[in-house]
Each structure stands twice: as C-alpha cells, then as structure tokens.
2 protein chains.
Amino acid sequence: MLIRVDPASDVPIFAQVAASVRADAAAGRLRPGDRLPSAREVASSLEVNLHTVLRAYQELRDEGLVDMRRGRGAVVTDAVEPLAQLHDDVIALAQRARALGLSPDTLASLVKETFR
Amino acid sequence: MLIRVDPASDVPIFAQVAASVRADAAAGRLRPGDRLPSAREVASSLEVNLHTVLRAYQELRDEGLVDMRRGRGAVVTDAVEPLAQLHDDVIALAQRARALGLSPDTLASLVKETFR
DNA sequence: CAACTGTTCTAGTATTTCTATAACAGTTGT
DNA sequence: ACAACTGTTATAGAAATACTAGAACAGTTG
C-alpha cells in the first residue's frame, strides 16, 4: 500500500494523504477489511509528522471509510463500496474534462459546487 | 448575478467566490461576454474585503475563464464553453454520489485525485 | 473631467498547517 | 506477564495562509 504526496502542492499534506487513500479505495486497491499502514509508518516514510497522518486518517474515519482503534490500526469499512461503484464514472468525467482543457482544480471545484 | 458564500465553511472565501462563478458559467447563467459584478460591489454585498474578491477573480483569470482590465472589469471568455459542456455529466455524477451517501468533499477529492 | 474599473503597496491580525515531544491506553503475539 | 505494536491526548511553537485595512495608482467609460 503506497501513499503518495506532493510537498510542493498547495493542497495540505493531510488532505493529500486522505485523497490518496480514497483514490485507492475507489480503484479497488483497498477492500473492506484491509488495514491501512500504521500512522507512524506513513509519517516515517513520507517524512512528515505523526499528527499530520493521523489527521488524514481521522478525516477518513469521519467519512466512515475506516474504523480506527488503538492497537489495531485503521481498517477499511464497507463504506468504500460506493466509491468503487463511482470509479468508472469519475474516470470518464476526468477524461472528458482533460480533453476540454480543464485543470483538476477547476473540475473538482465544479463538482463540489454542483453537489451542494 | 448573485454570488453566494458560506462564512461558516472551512473553504476559503476567495475559493467559494471563484467556485460560485464557475458554477454559474457551467450552468449557462454566465455566457461569454458577460461582465462579472465589480470586485468592489461583490466585496460590499458579501461584507468581505476587496482583496478577497480580487483574489477569486484572479484565480478565474488564471484559469482563462475571464479577462480582466482596469476600468472595464472582469469579462467572461469563451473558455466557459467546456464547463457548460460538462454540466450535465457533472450533475449526473453528483446525483449518483448523493444517492450513495457521499459528501461533496469526498466526491470532489476523488475527482481531483483521479484526474491527476 | 468625474466616476468607475482593476492593480499595486504596505501592514497587521487570525486561522490553519505542520512540527516536536511526551505520555497514555488499548491490542496483539510471544 | 510481557514486549511491541496500535491510536489518543496534551502542550507548545513555528511557518504559511487567509483576511482585513487603508491608501495610492492607472486605465476606461460616458
């Protein structure tokens, strides 16, 4: 399980970590019952603080995507299924947007605003 | 032309202003050639600082969605067409996501990460 | 010329993000 | 029981970002 982060991005690191996990879940690379790498592991390999990773994990917990308990770690829940179901649609939309010359930020913002 | 903002949101005001304009463009409520309300007007009606609105406008300019010149204001460009073309797809995706119980933030993040 | 536009500048406050360190408290496997 | 692993909580501080404030500048329009 690999979590990627771009230190040069203006997107907060904790948000990038959460987004990375979400994307893996949507792609089916993370299934219900799978355990995320421990926060300390991720913090060490990304060379960021433990709290930064934990904040990302807590965000995922707030969304119901993982269960967290001390001693056990963060475990993926059934709530990732909806993400996986949307995966193909999201890919299709992203491809169209790219073909039209839109940026990821523009499309994401549009989606978010449309949803509200 | 109405720009909405939620002061309680954790999303920066300037980003909300830009997102509001993008959504209007995607919905066809803003067409190429239309002029945005002056930054001072918007700042006054939203009770925020002029610079906050200008930052939003500059973001839209960076995306190529508006042309800005002093004295004239911010004018919508042809670049809004791609947004309008995606409008129906975005609405459809948002509806599916909502039906699946996802939040706007979750979906937006997923879209952004998928695009990269 | 007057009234409008965005642009630029300086400056300060508040909030958010990230780091750092430490201790605490469940869980798991030996 | 014990060691080694988990997340949780607390405190503190540094750095970056968001927002405000006021002023002056420079094109555009009627």
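Chain A is the first sequence line, chain B the second, and so forth, proteins listed ahead of strands; every chain is numbered from 1.
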Intermediate values then yes/no, side chain to side chain contact (heavy atoms under 4.5 Å, CB included), A/R4 and A/L2: CA-CA 6 Å; A/R4 284 195 209 86; A/L2 190 66; 4.3 Å; yes
How many whole angstroms separate atom [atom1] of [X] from atom [atom2] of [N]?
X: A/Y57; N: D/dG7; atom1: OH; atom2: P; answer: 7 Å
X: A/R55; N: C/dT16; atom1: CZ; atom2: P; answer: 9 Å
X: B/R61; N: C/dG6; atom1: CZ; atom2: P; answer: 11 Å
X: B/F14; N: D/dT20; atom1: CZ; atom2: P; answer: 12 Å
X: B/L54; N: D/dA21; atom1: CG; atom2: C1'; answer: 14 Å
X: A/E59; N: D/dG7; atom1: CD; atom2: P; answer: 16 Å
X: A/R70; N: C/dT27; atom1: CZ; atom2: C1'; answer: 10 Å
X: B/L50; N: C/dC9; atom1: CG; atom2: P; answer: 15 Å

With a cut-off of less than 4.0 Å, is there a side-chain N or O of [X] near OP1 or OP2 of [N]?
X: A/R35; N: C/dT28; value: no
X: B/S38; N: C/dC4; value: no
X: B/Q58; N: C/dG6; value: no

Would you indicate whether the side-chain heavy atoms of A/D105 and B/K112 approach each other to under 4.5 Å?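 In contact.
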hbond_proxy B/H51 side chain to D/dG22 base (donor-acceptor, 3.5 Å cutoff):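 Such a pair is found, so the answer is yes.
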Classify the side chain of A/R40 and the base of D/dG7 as holding, or not holding, a donor-acceptor pair under 3.5 Å. yes
First encountered from the 5' end of DNA chain D, between A/E41 and A/D10: A/E41
What do the steps show when you test A/L100 against B/L86 for side chain to side chain contact (heavy atoms under 4.5 Å, CB included), and what is the final call? CA-CA 9 Å; A/L100 290 171; B/L86 280 179; 3.8 Å; yes
Of the options D/dT20, C/dT7, D/dA18, whose atoms approach the side-chain atoms of B/T52 most closely? D/dT20
Distance, nearest 0.5 Å, that separates CZ of B/R31 from CG of B/D24: 13.0 Å
Across all strands shown, which nucleotide pairs with C/dT10 by Watson-Crick or G-U wobble geometry, both distances under 3.5 Å? D/dA21
Take A/V17 and A/L60 through the side chain to side chain contact (heavy atoms under 4.5 Å, CB included) test and state the conclusion after the steps. CA-CA 10 Å; A/V17 171; A/L60 295 169; 6.0 Å; no
Check every strand shown and say whether A/I13 touches a base, only sugar-phosphate, or nothing at a heavy-atom separation below 4.0 Å. sugar-phosphate
Reading DNA chain C from 5' onward, which residue's closest nucleotide shows up sooner: A/P12 or A/R72?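 The 5'-side residue here is A/P12.
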